[in-house]
Number of protein chains: 2
Amino acid sequence: MAEDSRVWKDRLYGQFARIGKALGSPRRLEMLDLLSQSPKSVESLARELGSSVANVSQHLQILLEAQLVATRKQGTFVIYRLANETVAQLLELLETVSEECLADVRELRDLYLTQRDALSPVSDRELEALIQEGTVYLIDVRPPSEYAAGHLPGALSIPLPELAERLQEWDPDRPIVAYCRGRYCLYARDAVEVLRDAGFSARRSEVGVREWRRRHSSA
Amino acid sequence: MAEDSRVWKDRLYGQFARIGKALGSPRRLEMLDLLSQSPKSVESLARELGSSVANVSQHLQILLEAQLVATRKQGTFVIYRLANETVAQLLELLETVSEECLADVRELRDLYLTQRDALSPVSDRELEALIQEGTVYLIDVRPPSEYAAGHLPGALSIPLPELAERLQEWDPDRPIVAYCRGRYCLYARDAVEVLRDAGFSARRSEVGVREWRRRHSSA
DNA sequence: CAAGTATTCAAGCGAATACTAGAATATACA
DNA sequence: TGTATATTCTAGTATTCGCTTGAATACTTG
């Protein structure tokens, strides 16, 4: 029976490893991150990733087989989404562990997210207070479909490519906080740069929408 | 600069994938699970896994390189341990996701952990109450080194191989709750079988020690 | 039914990975 | 210094993985 137990363990960990292997590819990890913002088609994932549609589709089959994603049809489009909330949490935790353990991750963040922003990002607590007070413009600079899938309360959807031509919509004396896809996205940083160049008082938040919602969910 | 951004993303997700790849092997996942119970030598991991020392050592180098584990020397022994608590949480979450998503995992549990135990495991809430009341024997059937590294309050260390010859130590009228390494370990199930065959009123808990401690930590 | 669009599948190629076997290294002790 | 024990390293082999290319499939529309 000790031998049965060994065999059972091998099979069990073989199954666990299916999830691990699914997360063992940079492409698939980025796909999962993109899907955590909103459901997407194969083609739109391919554009975001700079990969071929065929390649993206093959990776999606792997994620599907591991049941980390699910699909629905919309005409000729297959819309992929994360299978459930726990998959999103797993992804976030993998990134947290990566940042804690790997100096290379911290260095990559330093490259673009630390050195050039003399003002540190707004903390989550500050953000909560600012949202409550309603004293800032809160802008979501992700693509509109991601805003539509879920956004912070009171946020305006100002996709980054449109930002420069919408500056006149705002009172230059009212501060702006920009956010995007979370800790590993450069959109908010780019937005703050554009805004400050235009004379606005702007800072960014590194909060993720899903993480914010989880923390502020009412059961 | 959009090209810079793409390159930065590729490097970042390449780093995240280092963690994913480290978790993409059944052997390494089982090693991490074993280390979450207590620090261990290469040789003891090899015994538990039924693998060669050389093979285990190579996998440990991969985990070391991904900084998921750390080491200390003890004579000729190299003692490996989990790098930090977040690694343990990542592992638990990967197993949770595996069980939610993969029917094969649920089936493997059914094989040994569902069908033959007519009495379901003690829930965590029941266990808390039982520990408070002090009305049961709570026995930890893991190896002594794992008990020493951390155990539930009030638990006795009764390693499974010794159980059968220690039955006379207990009042047959007092119920027993056995626990081991958590949801994916068969020791408590085996212990309960031995105890019931000897006429004891015995149930098992599927709680993991680390998970229990996290929930009951005083800051 | 034909054409267009989106997606998936299959095959090939090169790179990466897991295990084994044996050698090399590190540490402790007499 | 030599021996024993524990661990790591190296090389070879078999298998798996990731990407590309082109074909096949699925769906929609006219």
Side-chain angles (χ1 to χ4, degrees), chain A residues 6-7 9-11 13-32 34-35 39-66 68-81 145, chain B residues 6-7 9-11 13-32 34-35 39-66 68-81 145:
Chain A
R6 181 68 256 159
V7 166
K9 284 264 195 180
D10 285 343
R11 290 175 66 193
Y13 283 94
Q15 292 301 317
F16 292 154
R18 279 170 70 192
I19 303 297
K21 285 184 184 191
L23 303 177
S25 152
R27 288 280 178 256
R28 292 196 289 276
L29 286 173
E30 194 171 350
M31 283 176 208
L32 290 171
L34 289 167
L35 292 177
K40 290 180 167 67
S41 66
V42 182
E43 201 176 275
S44 79
L45 285 168
R47 254 195 318 275
E48 286 269 1
L49 289 166
S51 295
S52 72
V53 166
N55 192 23
V56 166
S57 183
Q58 287 183 85
H59 282 296
L60 285 167
Q61 299 319 303
I62 294 171
L63 293 174
L64 207 50
E65 205 265 339
L68 295 178
V69 299
T71 61
R72 67 176 164 82
K73 291 301 265 308
Q74 197 176 46
T76 53
F77 292 96
V78 182
I79 306 297
Y80 284 84
R81 65 181 188 274
S145 58
Chain B
R6 182 66 257 159
V7 166
K9 283 264 193 182
D10 286 342
R11 289 176 66 193
Y13 282 96
Q15 293 302 316
F16 292 154
R18 279 171 71 191
I19 303 297
K21 286 183 183 191
L23 303 177
S25 152
R27 288 280 178 258
R28 290 196 291 276
L29 285 173
E30 195 171 351
M31 282 177 207
L32 290 171
L34 290 167
L35 292 177
K40 291 179 167 66
S41 67
V42 183
E43 199 176 277
S44 78
L45 285 167
R47 255 195 319 275
E48 286 268 3
L49 290 165
S51 295
S52 70
V53 167
N55 193 22
V56 167
S57 183
Q58 287 185 85
H59 282 295
L60 285 167
Q61 297 320 305
I62 294 171
L63 293 174
L64 207 49
E65 204 267 339
L68 295 178
V69 299
T71 61
R72 67 177 164 81
K73 294 302 266 307
Q74 197 176 45
T76 52
F77 292 96
V78 182
I79 305 297
Y80 284 84
R81 66 182 188 274
S145 57

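Below, chain A is the first sequence line, B the second, and so on; all start at residue 1. Quantities reported herein were computed from a predicted structural model and do not represent experimental measurements.
- For residues 13-20 of chain A, proximity to DNA chain D is found at no residue, defined as any non-hydrogen atom under 4.0 angstrom from a strand atom.
- Residues meeting the side chain to side chain contact (heavy atoms under 4.5 Å, CB included) test with B/Val78, sequence neighbours left out: B/Thr71, B/Lys73, B/Tyr80.
- Scanning all heavy atoms of the two residues, the minimum distance from B/Val69 to B/Leu64 falls at O-CD1, 3.5 Å.
- When the side-chain nitrogen and oxygen atoms of B/Gln58 are compared with OP1 and OP2 of C/dA18, none of them lie within a distance under 4.0 Å.
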Whether each nucleotide of nucleotides 22-30 of chain C has a protein heavy atom under 4.0 Å at its base (B), only at its sugar-phosphate (S) or at neither (-) is summarised, 5' to 3', as B----BS--
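- Considering only side-chain N and O atoms, B/Tyr80 lies nowhere under 4.0 angstrom from the phosphate OP1 or OP2 of D/dA6.
- Rounding to whole angstrom units, CE of residue B/Met31 and P of C/dA18 are separated by 10 Å.
- Following rounding to the nearest Å, A/Arg72 (CZ) and D/dC27 (C1') show an atom-to-atom distance of 16 Å.
- Heavy atoms only, all atoms of each residue included: B/Asp10 and A/Glu30 are closest at OD1-OE1, 4.4 Å.
- Base contact: B/Val53 has a heavy atom under 4.0 Å from a base atom.
- At a threshold of 4.5 Å between non-hydrogen side-chain atoms, the residues A/Leu23 and B/Ile19 do not count as touching.
- The CD-P distance, from B/Glu65 to C/dA16, rounds to 14 Å in whole Å.
- As a whole-Å value, the separation of A/Phe77 CZ from C/dG4 P is 17 Å.
- B/Ser52 comes within 4.0 angstrom of sugar-phosphate atoms only, judged by non-hydrogen atoms across all strands, and of no base.
- When all heavy atoms are compared, the tightest approach of A/Ala17 to B/Gly24 is CB-O, 3.9 Å.
- Rounded to an integer number of Å, the gap from A/Ile79 CD1 to C/dT8 C1' is 16 Å.
- In this structure, B/Gln61 atom CD and D/dT10 atom P are separated by 11 Å, rounded to whole Å.
- The side chain to side chain contact (heavy atoms under 4.5 Å, CB included) test applied to B/Ser51 returns B/Arg27, B/Leu49, B/Asn55, B/Val56, not counting sequence neighbours.
- Between B/His59 and B/Leu63 there is no side-chain heavy-atom pair separated by less than 4.5 Å.
- Going from atom CD of A/Glu43 over to atom P of D/dA26 covers 19 Å, rounded to whole Å.
- For the salt bridge (charged side-chain N to carboxylate O under 4.0 Å, His left out) condition, the pairs that include at least one residue of residues 40-49 of chain A, sequence neighbours left out, are A/Lys40-A/Glu146, A/Glu43-A/Arg47, A/Glu48-A/Arg181.
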Write down the protein N/O and nucleotide N/O pairs, taken from nucleotides 12-18 of chain D, whose separation is under 3.5 Å; answer none if there are no such pairs.
unit_1: D/dG18; atom_1: OP1; unit_2: A/Arg28; atom_2: NH2; d: 3.3
unit_1: D/dG18; atom_1: OP2; unit_2: A/Arg28; atom_2: NH1; d: 3.2

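- Using a 4.5 Å cut-off on side-chain heavy atoms (C-beta onward), A/Lys21 and A/Arg18 make no contact.
- Remark: A/Glu65 does not engage A/Arg28 in a salt bridge, criterion side-chain N to carboxylate O under 4.0 Å.
- Between A/Ile79 and A/Pro39 the shortest heavy-atom distance is CG2-CB, 3.6 Å.
- The separation between B/Leu63 atom CG and C/dT17 atom C1' is 14 Å, rounded to whole Å.
- Counting any heavy atom pair closer than 4.0 Å across all strands shown, A/Ser41 reaches sugar-phosphate atoms only and no base atom.
- Minimum interatomic distance between A/Ala22 and A/Leu68 (heavy atoms only, all atoms of both residues): CB-CD1, 3.8 Å.
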